[in-house]
Amino acid sequence: MNTILITGAGTGLGKELALAYAKKGNTIILTGRKLLPLKEVQLLIEEMGGHAEVYTIDITNISELEHSVHKILKHHNVNFLINNAGIGSFGPFTELSLEEIETMINTNVKGTIYMTKIVLPHLLKHRNGKVFNIISTAGQKGKVNESVYVASKFAIRGFTESLQKELEGKLNIKAVYMGGMDTPFWEKSDHIKDKSRLRSPKEIAEKIIKEDENGTDDIFV
Ligand SMILES: NC(=O)c1ccc[n+]([C@@H]2O[C@H](COP(=O)([O-])OP(=O)(O)OC[C@H]3O[C@@H](n4cnc5c(N)ncnc54)[C@H](OP(=O)(O)O)[C@@H]3O)[C@@H](O)[C@H]2O)c1
């Protein structure tokens with residue numbers, strides 16, 4: 001069984017991956033900025049007889065990230081990291097604020113890279129160390145009104161592909177690509193008019209786990 005550290009585990013895809021992996025008997029380390037949603041996911045996992053721990057971490061705060069992750073690694077033998085936390089600001093590039101751009105890059109790019117940097121030495125001690133980087137179809141092609149979000153996801157695609165080559169045979173690292181999901185991700189934007197037409201994060205989480213079990217390199221769902 002694995003001990004899986006998931007970022008952004010209180011809502012959306014992170015929550016559904018946490019529930020699905022816990023159901024299979026894995027221990028889940030739930031992380032995110034807000035305590036309450038994480039506690040709710042922990043309770044759901046405990047109610048089905050599983051085990052989860054909660055740590056609040058803002059992945060854009062390097063010192064907090066380093067401190068909290070070292071604490072986690074001291075107490076839990078994490079062998080699987082899922083970099084899932086991400087945010088999006090959408091609209092014409094000329095209308096994005098510098099703050100929106102900075103927050104997207106700090107969260108999606110730097111947050112993912114710093115988290116990986118801190119956890120990696122620990123993962124490399126395991127024979128079965130594993131990383132999923134949750135990307136998006138936004139990491140595959142450019143899109144209108146998504147310029148900086150797409151740029152952030154292309155960055156993580158490049159990061160993932162490079163680590164796959166650099167750590168071949170030492171670490172199982174997969175990029176995970178999916179289209180739109182009906183999650184709180186879209187709450188602060190009208191970029192998607194009718195999000196109820198999107199697939200549920202539960203369906204996507206189950207497909208990701210199945211694809212992974214089928215042994216594919218990267219995961220496309
Ligand atoms: N929804 C879609 O259509 C879609 C499609 C393709 C890919 N994706 C990707 O899927 C991933 C999950 O998104 P989702 O759709 O499930 O949206 P979501 O429900 O909004 O989940 C994102 C999670 O990230 C956490 N988060 C945000 N900023 C953070 C920070 N600075 N530090 C730590 N945690 C942070 C949030 O929790 P807190 O606010 O508590 O921190 C939240 O739980 C993202 O990487 C997204 O880019 C989404």
Side-chain angles (χ1 to χ4, degrees), residues 5-20 28-42 54-69 72 81-90 99-100 102-116 118-119 131-141 143 145-146 148-157 159-160 175-205 207-208 218-221:
L5 194 169
I6 305 179
T7 65
T11 61
L13 181 64
K15 171 183 177 178
E16 296 301 337
L17 284 168
L19 293 173
I28 315 295
I29 313 297
L30 304 158
T31 72
R33 288 170 302 181
K34 297 187 203 89
L35 181 62
L36 196 60
L38 296 171
K39 283 276 181 198
E40 284 169 2
V41 178
Q42 183 184 38
V54 166
Y55 291 84
T56 53
I57 303 178
D58 179 345
I59 60 169
T60 66
N61 181 332
I62 305 179
S63 55
E64 180 191 319
L65 178 62
E66 205 172 11
H67 175 79
S68 302
V69 174
I72 291 171
L81 167 66
I82 303 183
N83 285 308
N84 163 78
I87 55 155
S89 293
F90 302 101
E99 194 191 346
E100 286 173 314
E102 194 182 11
T103 309
M104 262 187 289
I105 299 297
N106 284 347
T107 310
N108 301 358
V109 183
K110 290 182 176 176
T112 298
I113 292 175
Y114 291 148
M115 174 62 93
T116 309
I118 298 166
V119 181
V131 178
F132 281 178
N133 285 337
I134 303 300
I135 305 186
S136 162
T137 51
Q140 295 177 292
K141 57 181 192 294
K143 302 184 190 207
N145 290 339
E146 301 196 16
V148 177
Y149 179 68
V150 164
S152 74
K153 294 296 186 176
F154 265 66
I156 294 308
R157 176 183 174 174
F159 175 60
T160 309
V176 184
Y177 299 96
M178 73 287 292
M181 297 177 282
D182 184 0
T183 71
F185 182 85
W186 300 109
E187 269 166 14
K188 288 192 193 120
S189 126
D190 60 2
H191 186 56
I192 296 282
K193 299 284 176 267
D194 179 11
K195 71 177 188 131
S196 67
R197 287 175 37 215
L198 301 176
R199 289 181 297 170
S200 76
K202 184 172 194 288
E203 178 189 341
I204 300 292
K207 285 195 165 144
I208 290 171
D218 288 327
I219 297 175
F220 300 84
V221 290

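Atoms considered below: every heavy atom in the structure, side chains included; atoms not considered: hydrogens, waters and symmetry mates. Given the structure is predicted, the values throughout are model-derived calculations rather than measurements. In listed order, ligands and their atoms are each counted from 1.
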Residue set satisfying side chain to side chain donor-acceptor pair (under 3.5 Å) with Lys34, at least two apart, ordered chain then number -> none

Are Phe154 and Tyr149 close enough that their ring centres sit under 6.0 Å apart?
-> no

Is it the case that the side chain of Lys193 and the backbone of Asp190 share a donor-acceptor pair, with hydrogens and angles ignored and the cut-off at 3.5 Å?
yes

Original post:
Got a donor-acceptor contact below 3.5 angstrom from the Lys195 side chain to the Thr183 backbone?
Top reply: yes

Across all chains, not counting sequence neighbours, the side chain to side chain donor-acceptor pair (under 3.5 Å) partners of Asn61 are Ser63, Glu64

Across all chains, not counting sequence neighbours, the side chain to side chain donor-acceptor pair (under 3.5 Å) partners of Thr60 are Asp58

Output for ligand 1, non-hydrogen cut-off under 4.0 Å, lists Gly8, Thr11, Gly12, Leu13, Gly32, Arg33, Lys34, Ile57, Asp58, Ile59, Thr60, Asn84, Ala85, Gly86, Ile87, Thr107, Ile134, Ile135, Ser136, Tyr149, Lys153, Met178, Gly179, Gly180, Met181, Thr183, Pro184, Phe185, Trp186

